[in-house]
Student: 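Take this structure first; my questions come after.
Note that the structure is predicted; figures quoted are calculated from it, not measured. Atoms within each ligand, like the ligands themselves, are counted from 1 in listed order.
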Amino acid sequence: MTMQQNDMVAGQGIRTGAQYLDGLRDDRDVWISGERVADVTAHPGLNRGAQTLASFLDRQHDPKYQDKTTYVDAEGIRCATSFLVPKSKNDVEQRGVAFYEWARWSNGMFGRTPDYKNSSLMAFAAASGFLGTGQTDFAQNMVNFYDYVRKNDKVLTHTLVNPQISHDLAKEGKYSDKVALHIVKETDAGMIVRGARLLATLGPHADEIEVFPSTLLKASEENIPFAFAFAIPLSTPGLRLICRDSYDHGKSHFDAPLASRFEEMDSVVIFDDVLVPWERVFMYREPLKCNKAFAETNSVVHMMHQVAAAKLAKAEFFVGLLCSIAKATGKDKDMNIRGQIAEAMWTAETVRALLYSAEQQAHEDQWGNFIPLRRPIDTSRNLFPKLYPRLVELVQLLGSSSLMATPCEADFSNEIAGDVEQYFQVQNLDSRDRVALFRLAHDAAISGFGSRQCLYERFFFGPQNIMASGYFELYNKDDMMDRVNELLMS
Ligand SMILES: Cc1cc2nc3c(=O)[nH]c(=O)nc-3n(C[C@H](O)[C@H](O)[C@H](O)COP(=O)(O)OP(=O)(O)OC[C@H]3O[C@@H](n4cnc5c(N)ncnc54)[C@H](O)[C@@H]3O)c2cc1C
């Protein structure tokens, strides 16, 4: 594994879509629907997601988007803005603009654009002192890895969660080495790991996988074999991805407007005695350090920032969708319908307010970097998993049977075309436009693709109760409790 493999043009740290797709054609061991995938860029369930991501990478070269999504570093290399280490409030805002721009390209439906992971990596590298040294120079390894990913525009996935075989064990903060990823051996070349991890979204479409501990890793002696952080290429021998079914069923953009474009795929990751070279290890056998890593480096705050910007784009899309549905039939004049859609607007405006508030109150952290204020975007991170299902429900309530009155594109040119043209019209839309709109609504709120989006929003940042408990812990409650006390004592 080399950190120098650099096929980049001088001065360009951003890749073209074609370069990205080329990089995916390697020996990766990806399984889907009972078969090993020979080439993820050619597989019918995976190729269009890869094409979409490639088209997004191409946009970094387009003058229309380049200023918003890239920056030129001190060496004169143009890189993605998500790698920019923020040294001022302006830098934080610049990063927010880039996050929002990337999310707009899919209206938040491609949840795992590379800027999410890039933000985490940037934060770890910019606070590499936290990692220190040990078995190897962990801090330097991280800086090298960041430089490699940044200057080669590599796409990352990550996996943070160990599978559980028993809830009782989980509650005690223990793992079973029958399923959980653990260290089995140490060699001169590196450590050897075995077990499984959940869940690598974008796994088949990524260049590298980060295998980091979650904050759930309890600091105990028995968790030492489960405590580590590393990154390796997806093509590393012994690494296997087992995918869920694809929601891209090969339908046209008309028939499946979202699934035909934004299938980002989730996979369980198996490590069959995988050798991780020391230069790719960032934490080793230190549960306490692992447990604190995302918080202490502020990596979690930078990830929340990307997430809030992306969720704003997604909430705005739902507002647009609901308004379009209401306008199609003239329901937008109905006070009750307006009230329902206003709920979606509140969601968008709540996320916007929280995002801007965090950026406006950006401040320097203990590493000399700027971070958005945590509390507003942590609020957004905790709220959105609860608000998103309601957005989906609003589409279902407003769309009702129209979500089922959805003939396919072919029906507009076959022998039932006359019926379809005649009977699917509504007040403000002819049949074709009405069907197109409701097929979009269906894909957002009913289809396998839409249902997975809902599950993703509920869980991708972690279990809701555990995130909420962490929020409670950090919240400054003393002043408020003092006021209650004052009243009681007066
Ligand atoms: C569509 C989708 C995409 C996802 N993408 C990713 C991804 O790309 N990368 C990634 O890492 N994860 C991803 N996730 C996984 C996500 O992080 C987990 O789903 C989430 O953390 C909940 O974990 P769980 O499903 O295993 O449920 P849980 O059973 O809640 O377990 C979660 C963790 O909590 C611990 N736990 C459970 N109960 C307790 C308790 N009482 N006290 C203390 N600890 C407890 C367990 O040990 C376990 O580690 C994704 C999830 C979904 C649904």
Student: Around Arg104, counting heavy atoms of other residues, nucleotides and ligands shown, do more than 12 lie under 6.0 Å from its CZ?
Tutor: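 For Arg104, atom CZ is not crowded (no more than 12 foreign heavy atoms under 6.0 Å).
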Student: Closer than 4.0 Å and a protein heavy atom, does any atom meet both conditions relative to atom 28 (P) of ligand 1?
Tutor: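 No, there is none.
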Student: Kindly state if atom 41 (N) of ligand 1 has a protein heavy atom within a strict 4.0 Å cut-off, that is, under 4.0 Å?
Tutor: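 True for atom 41 (N) of ligand 1.
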Student: Record the part of Leu202 in heavy-atom contact with ligand 1 below 4.0 Å; permitted values are side chain, backbone, both and neither.
Tutor: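 Neither part.
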Student: Just to be sure I read this right, does ligand 1 sit under 4.0 Å from the backbone of Arg197, its side chain, both, or neither, counting only heavy atoms?
Tutor: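 Neither; no heavy atom under 4.0 Å.
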Student: Looking only at non-hydrogen atoms, which of Ala206, Ser469, Pro463, Gly173 approaches atom 21 (O) of ligand 1 most closely?
Tutor: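 Of the listed residues, Pro463 has the closest heavy atom.
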Student: Can you figure out which of Thr201, Leu169, Leu199, Thr157 has its heavy atom closest to atom 7 (C) of ligand 1?
Tutor: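 It is Leu199 that holds the nearest heavy atom.
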Student: Please list, in number order, the atoms of ligand 1 under 4.0 Å from a heavy atom of Ile466.
Tutor: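 Selected atoms, number and element: 34 (O), 44 (N), 45 (C).
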Student: Can you check whether His158 has an N/O within less than 3.5 Å of an N/O in ligand 1?
Tutor: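 Yes; the residue has a nitrogen or oxygen that sits under 3.5 Å from a nitrogen or oxygen of the ligand.
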Student: Among all residues two or more places apart in sequence or in another chain, which pass the side chain to side chain donor-acceptor pair (under 3.5 Å) test with Arg452?
Tutor: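 For Arg452 the side chain to side chain donor-acceptor pair (under 3.5 Å) partners, ignoring immediate neighbours, are Glu264, Asp266.
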Student: Could you list which atoms of ligand 1 come closer than 4.0 Å to a heavy atom of Asp266?
Tutor: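 Answer, ordered by atom number: 1 (C), 3 (C).
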Student: Residues in side chain to side chain donor-acceptor pair (under 3.5 Å) with Asn47, at least two apart?
Tutor: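 None.
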Student: Using a 4.0 Å cutoff against the non-hydrogen atoms of Thr159, which atoms of ligand 1 qualify?
Tutor: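 In order of numbering, the contacting atoms are 11 (O).
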Student: Under a 4.0 Å N-O cut-off, is there an ion pair linking Glu457 with Lys311?
Tutor: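 Result for this pair is yes, salt bridge flagged.
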Student: Are the ring centres of Phe228 and Phe212 closer than 6.0 Å?
Tutor: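 Between Phe228 and Phe212, the centre distance exceeds or equals 6.0 Å.
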Student: More than 12 heavy atoms of other residues, nucleotides or ligands under 6.0 Å from CE of Met404: yes or no?
Tutor: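 Atom CE in Met404 is packed in, count exceeds 12.
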Student: Would Tyr146 and Tyr148 count as a close aromatic pair, with their ring centres under 6.0 Å?
Tutor: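 So the answer is no for these two rings.
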Student: Given the protein's heavy atoms, is any one of them under 4.0 Å from atom 9 (N) of ligand 1?
Tutor: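 Yes, because at least one protein heavy atom sits under 4.0 Å from atom 9 (N) of ligand 1.
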Student: Of the protein's non-hydrogen atoms, which lies at the shortest distance from atom 35 (C) of ligand 1, and what is that distance?
Tutor: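 Result: Leu216 CD1, 4.0 Å.
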Student: For His167, is the nearest heavy atom under 4.0 Å from an atom of ligand 1?
Tutor: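 In this structure, His167 qualifies as a contact of ligand 1 - some heavy atom is under 4.0 Å.
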Student: Got the closest protein heavy atom to atom 17 (O) of ligand 1, with its distance?
Tutor: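 It is Val161 CG2, 3.5 Å.
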Student: Might you point out which heavy atoms bring Pro163 and Val179 nearest each other, and give the distance in Å?
Tutor: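 Pro163 and Val179 have their closest heavy atoms at O-CG2, 3.5 Å.
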Student: What is the minimum heavy-atom distance between Gly23 and Asp26, and which atoms define it?
Tutor: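 For Gly23 versus Asp26, the nearest heavy atoms are O-OD2, 3.6 Å.
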Student: Take every heavy atom of Lys218, measure it against each atom of ligand 1, and state whether any distance is under 4.0 Å.
Tutor: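 No, Lys218 has no heavy atoms under 4.0 Å from ligand 1.
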Student: Considering Phe459, Phe212, Phe461, which one's heavy-atom position lies nearest to atom 18 (C) of ligand 1?
Tutor: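 It is Phe459 that holds the nearest heavy atom.
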Student: Hey, is atom 24 (P) of ligand 1 under 4.0 Å from any protein heavy atom?
Tutor: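 It does not; no protein heavy atom is within 4.0 Å.
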Student: Quick check, are the ring centers of Phe226 and Tyr175 under 6.0 angstrom apart?
Tutor: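 Yes, they do, as the ring centres are separated by less than 6.0 Å.
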Student: Of the listed options (Gly462, Ala170, Gly203, Cys454), which comes nearest to atom 36 (N) of ligand 1 when hydrogens are ignored and any heavy atom counts?
Tutor: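 Considering heavy atoms of Gly462, Ala170, Gly203, Cys454, the nearest to atom 36 (N) of ligand 1 sits in Ala170.
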Student: State whether a side-chain donor-acceptor pair under 3.5 Å links Asp115 with Thr113.
Tutor: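 Indeed, the side chains of Asp115 and Thr113 share at least one donor-acceptor pair under 3.5 Å.
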Student: Atoms of ligand 1 less than 4.0 Å from Leu198 heavy atoms?
Tutor: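 The list of qualifying atoms is 10 (C), 11 (O), 12 (N), 26 (O).
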Student: Just checking Lys178: does its NZ atom have more than 12 heavy atoms from other residues, nucleotides or ligands closer to it than 6.0 angstrom?
Tutor: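 Incorrect, the count does not exceed 12.
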Student: Considering Met467, Gln164, Lys117, which one's heavy-atom position lies nearest to atom 47 (O) of ligand 1?
Tutor: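 Checking each option, the heavy atom nearest atom 47 (O) of ligand 1 is found in Gln164.
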Student: Go through ligand 1 atom by atom and flag the ones less than 4.0 Å from a non-hydrogen atom of Leu160.
Tutor: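 Checking each atom against Leu160, I get 10 (C), 11 (O).
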Student: Which atoms of ligand 1 sit under 4.0 Å from any heavy atom of Leu455?
Tutor: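 With Leu455 as reference, the close atoms of ligand 1 come out as 53 (C).
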Student: Tell me whether Asn465 at atom CG has more than 12 heavy atoms from other residues, nucleotides or ligands lying less than 6.0 Å away.
Tutor: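 Buried by this count: over 12 neighbours within 6.0 Å.
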